[in-house]
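If you're wondering where the values come from, they're calculated on a predicted model, not measured in any experiment.
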Amino acid sequence: MDTQGILHSSLIFRHVIENMHDGVLTIDNTGVIKTVNAAAEKILEFERECLLDKRLSDVFFDYRENEDFIQIILDAIYDASMSHHKICSYYTGKQFRSLFVTTSFLKVEGEDGVESAGVAVLFSDVTELQELR
C-alpha cells in the first residue's frame with residue numbers, strides 16, 4: 001500500500017472509532033492508554049487528556065467498585081491469546097453504570113511473526129437494560 005493509501009486508511013479508521021457509540025480504549029502492553037474515543041470520555045466521565053498516555057493503574061484504581069472493569073482489562077493484557085466479555089459495574093465518582101466490556105488482542109506483524117501490541121477495550125453502557133431485569 002502506498003503512502004496515500006495508508007493515510008486514507010488511517011483517517012477512515014480514526015473517523016469510525018471517533019464516531020462509534022461504544023467506548024473504545026487501546027492499551028499497550030505496559031498498561032498505558034493510547035487511544036480514547038468520544039464515547040469513552042462520555043461513558044467513563046473522563047476527559048481524553050486525563051486518560052491518554054496515562055497508566056491504567058493511575059486512572060481507574062481510585063474506586064474499589066471498578067475492580068471488575070479493571071480486572072477484565074488486566075486479564076486481556078496478561079492473557080492476550082483470547083478475548084474476554086463481561087458485564088461489570090463501573091463507578092464514575094457520581095453514579096454507577098453497568099458496562100458490557102469486550103477486550104481483544106491487538107497484534108502487529110513483527111520480525112519474529114505476530115507480536116502483541118496491547119489490547120482493545122470496547123464497552124457499551126447497558127445500565128438501562130440491566131435496570132429492566
Side-chain angles (χ1 to χ4, degrees):
M1 184 179 289
D2 65 0
T3 306
Q4 286 286 63
I6 292 170
L7 178 60
H8 180 71
S9 294
S10 178
L11 291 172
I12 289 172
F13 170 78
R14 287 182 183 182
H15 176 78
V16 169
I17 296 298
E18 193 58 34
N19 290 287
M20 290 177 61
H21 292 286
D22 292 339
V24 176
L25 301 175
T26 61
I27 301 169
D28 71 13
N29 291 324
T30 66
V32 175
I33 301 166
K34 293 300 193 179
T35 304
V36 179
N37 74 346
E41 286 183 279
K42 182 179 177 184
I43 294 168
L44 300 175
E45 294 188 15
F46 270 101
E47 291 186 21
R48 194 175 309 227
E49 296 77 32
C50 295
L51 296 172
L52 272 177
D53 295 320
K54 303 288 191 299
R55 295 189 57 74
L56 182 68
S57 58
D58 293 338
V59 178
F60 294 112
F61 283 40
D62 288 347
Y63 300 109
R64 184 167 186 230
E65 296 87 351
N66 292 336
E67 285 179 3
D68 280 351
F69 178 74
I70 296 161
Q71 191 61 54
I72 193 171
I73 296 170
L74 293 175
D75 288 347
I77 290 171
Y78 295 113
D79 184 9
S81 65
M82 59 187 296
S83 60
H84 302 265
H85 315 279
K86 185 175 185 178
I87 292 178
C88 57
S89 293
Y90 178 80
Y91 184 61
T92 68
K94 300 174 196 164
Q95 62 182 323
F96 283 94
R97 293 194 167 143
S98 293
L99 304 180
F100 178 70
V101 181
T102 300
T103 62
S104 61
F105 169 60
L106 293 174
K107 58 187 175 182
V108 293
E109 280 291 325
E111 292 177 12
D112 299 325
V114 176
E115 298 176 8
S116 171
V119 296
V121 182
L122 285 75
F123 47 94
S124 302
D125 186 345
V126 294
T127 306
E128 291 179 16
L129 296 174
Q130 290 294 101
E131 290 172 355
L132 293 174
R133 294 177 120 192

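- A donor-acceptor contact shorter than 3.5 Å is absent between the side chain of D125 and the backbone of L99.
- A 6.0 Å sphere centred on CD of Q95 holds more than 12 heavy atoms belonging to other residues, nucleotides or ligands.
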Derivation and outcome, salt bridge (charged side-chain N to carboxylate O under 4.0 Å, His left out), residues E18 and R48: CA-CA 12 Å; E18 193 58 34; R48 194 175 309 227; 2.8 Å; yes
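- Taking the side chain as every heavy atom from C-beta outward, I27 and V121 approach each other to under 4.5 Å.
- Annotation: F96 is not in aromatic contact with Y63 [ring centroid separation under 6.0 Å not met].
- Side chain of N66 to main chain of Y91: a donor-acceptor pair is present (N/O by atom type, distance under 3.5 Å, no hydrogens or angles).
- Note: F69 and Y90 have perpendicular aromatic rings, judged against thresholds of 30 and 60 degrees for the angle between ring planes.
- Note on V32: it does not cluster hydrophobically with V24, by side-chain heavy-atom contacts below 4.5 Å among ILVMFWY residues.
- Side chain of N37 to main chain of D22: a donor-acceptor pair is present (N/O by atom type, distance under 3.5 Å, no hydrogens or angles).
- Side-chain atoms of T127 come within 3.5 Å of backbone N or O of S98 as a donor-acceptor pair.
- With T92 contributing its side chain and K94 its backbone, the two residues share a donor-acceptor pair below 3.5 Å.
- No continuous path of ILVMFWY side-chain contacts below 4.5 Å connects L106 to V119, so the two sit in separate hydrophobic clusters.
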